**Student:** 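I have a structure here, written as structure tokens, and I will follow up with some questions on it.
Keep in mind that this is a model prediction, so the values were computed, not measured.
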Amino acid sequence: MTTHLPERLRDLADEAPRALSADGLWRDGRRRHRRRMTTVAVVVGTVVALSAGVGYGDHRSRQPEPVTPPVNGARPMAIPDPLFNPSPWLPGTRKPGRLVAVFSSTRGRFPFGSERNAIVGVAAGSQTYRFLDLPGTAPEDPDAYLSPDGKHIAYWVSRRQGDPSVVPDSVVGVAVLDLNTGAVERHAVDVRYGLTPQSLSWADSKTVVMVAGHFTSSGRTSYSGRTRTYLAAVGDPTTHSTPGRGNVLDIPVTSTGGVAAGMVGHRRLRSYDAGSLQPRPDVILSTPVKSLAYEPSHGLVAGTAGNIDASGPTSGRLVVGRVVEGRVHLSQVPDGRRYDQVVTWVDRTHLAPVRHTRDGLAYDVVDVRTGDRRQLTSKPWYAFEVARDALRLATTVPGVAPPSPWNPRWVALGVLVLVGAGGTVLLLGRSRGRL
Amino acid sequence: MAGSEHDFEEFVAARSGALLRTAYLLAGSHQDAEDLVQAALVKAVPKWGTVREHEPYVRRILLHESVSRWRRRRWRETSAESLPEVPAQGLDVDTRLALRQAMAQLAPRQRAVVVLRYFDDLTEVQTAEVLGVSVGTVKSQARDALGRLRTLVPDLDADVIRTEP
């Protein structure tokens, strides 16, 4: 039997307890508030007293580790298998060196403040895990996208603080961080009310492709529903808008060779030459896809097949084909397994798709002729991105778990207790000496 | 203050049932759902007199509490193996159990996105606003969550998970 998810959720919610008694809740709330105010007063006093020690601890927690020497461009980037969810107390840096993978994870704040999401980078070669300090990113939930060569990372930048004309939580462009030097380039989009981001990807290791929708006034509900594609090149602060021809759908599309691509219909692939901004001929697919990888130099197209549903699950079976006179007939790969997204072509006969496992996600390399597959890497929980150049090399090394630094709050508390105990012993010793 | 307390008690009497339904989907058990709603209500008390819309405020606390609680008590996530605590009506027990176990295996924010989008019927923009995240994050979390639900509950096919156009 198949049923709708909302119907199933409503049915499951029927198991919930019927009602709750309000007895004592108001009193508990007031008591909790008073206790909290008292605690805050005590903590503020303690913080002032310990400012020197805390400052030292803060300095240590923020101090970037020594810069990882960048992996030589000629050396292959091996993919660690598996990857791990790290401690919230890893150090942060803007110069981690070349990265092989990035993902979102919770980061602790010292001395106070709740955890928040941040981007973790895994260094190529050394497998060092570090939080990336991305200036100007949306503070609550940054999303970041690794360049194919792992040397840059692109992320949406939020509106300028205090600008009332821009819709709250909208974005105004992208920033690109050079992972070797820590230099940040901003690529603003010239819009009045801000953008709602749809997708961010790399056409090659130097070109960022942004797809975003526009707001038509300063209200959140003024989203026009229309998207445009913008291109930005590393080293050039100008942002270019592609000729607006059709609404790009929210379907993951990757391309190579300096070609920016997106789906403008369920079966229509539209692409641009990133250098000249000139449109390339559309490609018509025989089957709708939920994700797509395009290799324009050989006319290869791969996708996960199935009905398009912009917000729904993207998993589907792998289909592949070659472009002939603007059309491509997609055939199913013998594997028959379902994948969430096809990420890139590894070579002319192998694909790198990603799939859900029981506890996370895994990248495979699949032979499109036989369906033979090999797992490249996996990680529990949230989605992660592997540098496309590393996927194309399809070389793996055993993953090394990152260290688990001590919670600096406990360290600071321990220092406080030791100092207090030492002071007490000293005072007691002096008073006995006087007697 | 007495007026606020009276308002608060009236609110609990009227809306605790609806809050418990959402909390049950987030927490997966009666006890945790009741704990979650109680904690959210207790946290809402200090600002009760100054907040205009009480239910959205309590629901926001409820969602953030469910995520932060989960971080403190990750081991509780395996508790979905037990059978439902009330007799099942509507869809059969296996169907409910499968969804309950699958929901328990989602990351807490993914679960919150699923509940807000497909149970509370909020739009992506509204969901992003409640959770304090970007619309892009809501999209990616929903995509990941639905992908995993589909893996864990095979009869939730792509064609029967309806989403907004």
Side-chain angles (χ1 to χ4, degrees), chain A residues 1-22 25-26 28-30 32-33 36 106 114-115 117 138 140-141 143 156 169 171 196-199 220-221 223 250 290 306-307 309-316 338 340 356-359 361 381-383, chain B residues 5 8-9 12-13 16-17 20-21 23-25 30 33-34 37-38 41-46 68 71 84-86 89-91 95-96 99-100 107 115 118-119 121 124-125 128 132-137 139-140 142-144 146-151 155-164:
Chain A
M1 183 180 69
T2 58
T3 45
H4 301 300
L5 179 59
E7 184 188 334
R8 280 200 170 188
L9 289 171
R10 281 195 296 275
D11 185 68
L12 183 59
D14 287 343
E15 290 180 6
R18 298 293 172 211
L20 196 69
S21 165
L25 289 178
W26 182 266
D28 288 350
R30 302 299 310 169
R32 182 179 181 278
H33 184 57
R36 209 172 154 81
T106 51
S114 56
E115 292 178 343
N117 270 9
E140 282 300 327
D141 258 281
D143 288 323
W156 294 104
D169 299 334
V171 299
T196 182
Q198 177 162 301
S199 68
R220 282 177 201 272
T221 54
Y223 175 50
D250 186 13
K290 299 174 177 180
N307 290 329
D309 179 345
S311 304
T314 56
S315 69
R338 294 186 81 93
D340 286 4
H356 269 88
T357 60
R358 293 291 298 184
D359 64 346
L361 290 170
W381 274 30
Y382 296 113
Chain B
E5 184 174 355
F8 178 80
E9 285 173 356
V12 175
S16 66
L20 282 164
R21 284 168 66 81
Y24 184 71
L25 295 178
H30 276 198
E34 286 173 347
V37 174
Q38 279 176 350
L41 289 167
V42 164
K43 284 189 171 182
V45 165
S68 57
R71 287 192 187 123
E85 291 151 334
V86 294
Q89 296 170 351
L91 296 174
T95 308
R96 283 184 173 186
L99 183 60
R100 196 146 61 102
V115 171
Y118 305 107
F119 179 69
D121 208 21
E124 285 170 344
V125 173
V133 301
S134 67
V135 175
T137 300
K139 284 181 180 177
S140 62
R143 192 156 46 220
D144 281 356
L146 294 177
R148 190 177 295 180
L149 283 179
R150 204 193 160 286
T151 305
D155 59 342
L156 272 182
D157 201 6
D159 296 335
V160 295
I161 298 176
R162 282 188 177 162
T163 55
E164 70 179 3

**Student:** Could you check which of Val37(B), Leu99(B), Leu41(B) has the highest count of heavy-atom pairs closer than 4.5 Å to chain A?
**Tutor:** Leu99(B)
**Student:** I'd like to check the side-chain hydrogen bond (donor to acceptor under 3.5 Å, both in side chains) partners of Arg148(B); sequence neighbours left out, ordered by chain and number.
**Tutor:** none
**Student:** Mind checking whether Val45(B) and Arg30(A) have side chains closer than 4.5 Å, heavy atoms only?
**Tutor:**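 Counting from C-beta outward, Val45(B) and Arg30(A) do come under 4.5 Å.
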**Student:** Using a strict threshold of under 4.0 Å (side-chain N to carboxylate O), is an ion pair present between Asp340(A) and Lys290(A)?
**Tutor:**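 Salt bridge absent between Lys290(A) and Asp340(A).
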**Student:** What residues form a side-chain contact (heavy atoms from CB on, under 4.5 Å) with Ala44(B), not counting sequence neighbours?
**Tutor:** Trp48(B), Tyr57(B), Val58(B), Ile61(B)
**Student:** Side chain, backbone, both or neither: which part of Arg10(A) has a heavy atom under 4.5 Å from chain B?
**Tutor:**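 Both the backbone and the side chain of Arg10(A) come within 4.5 Å of chain B.
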**Student:** Heavy-atom cut-off 4.5 Å, strictly under: side chain, backbone, both or neither for Leu25(B) against chain A?
**Tutor:** side chain
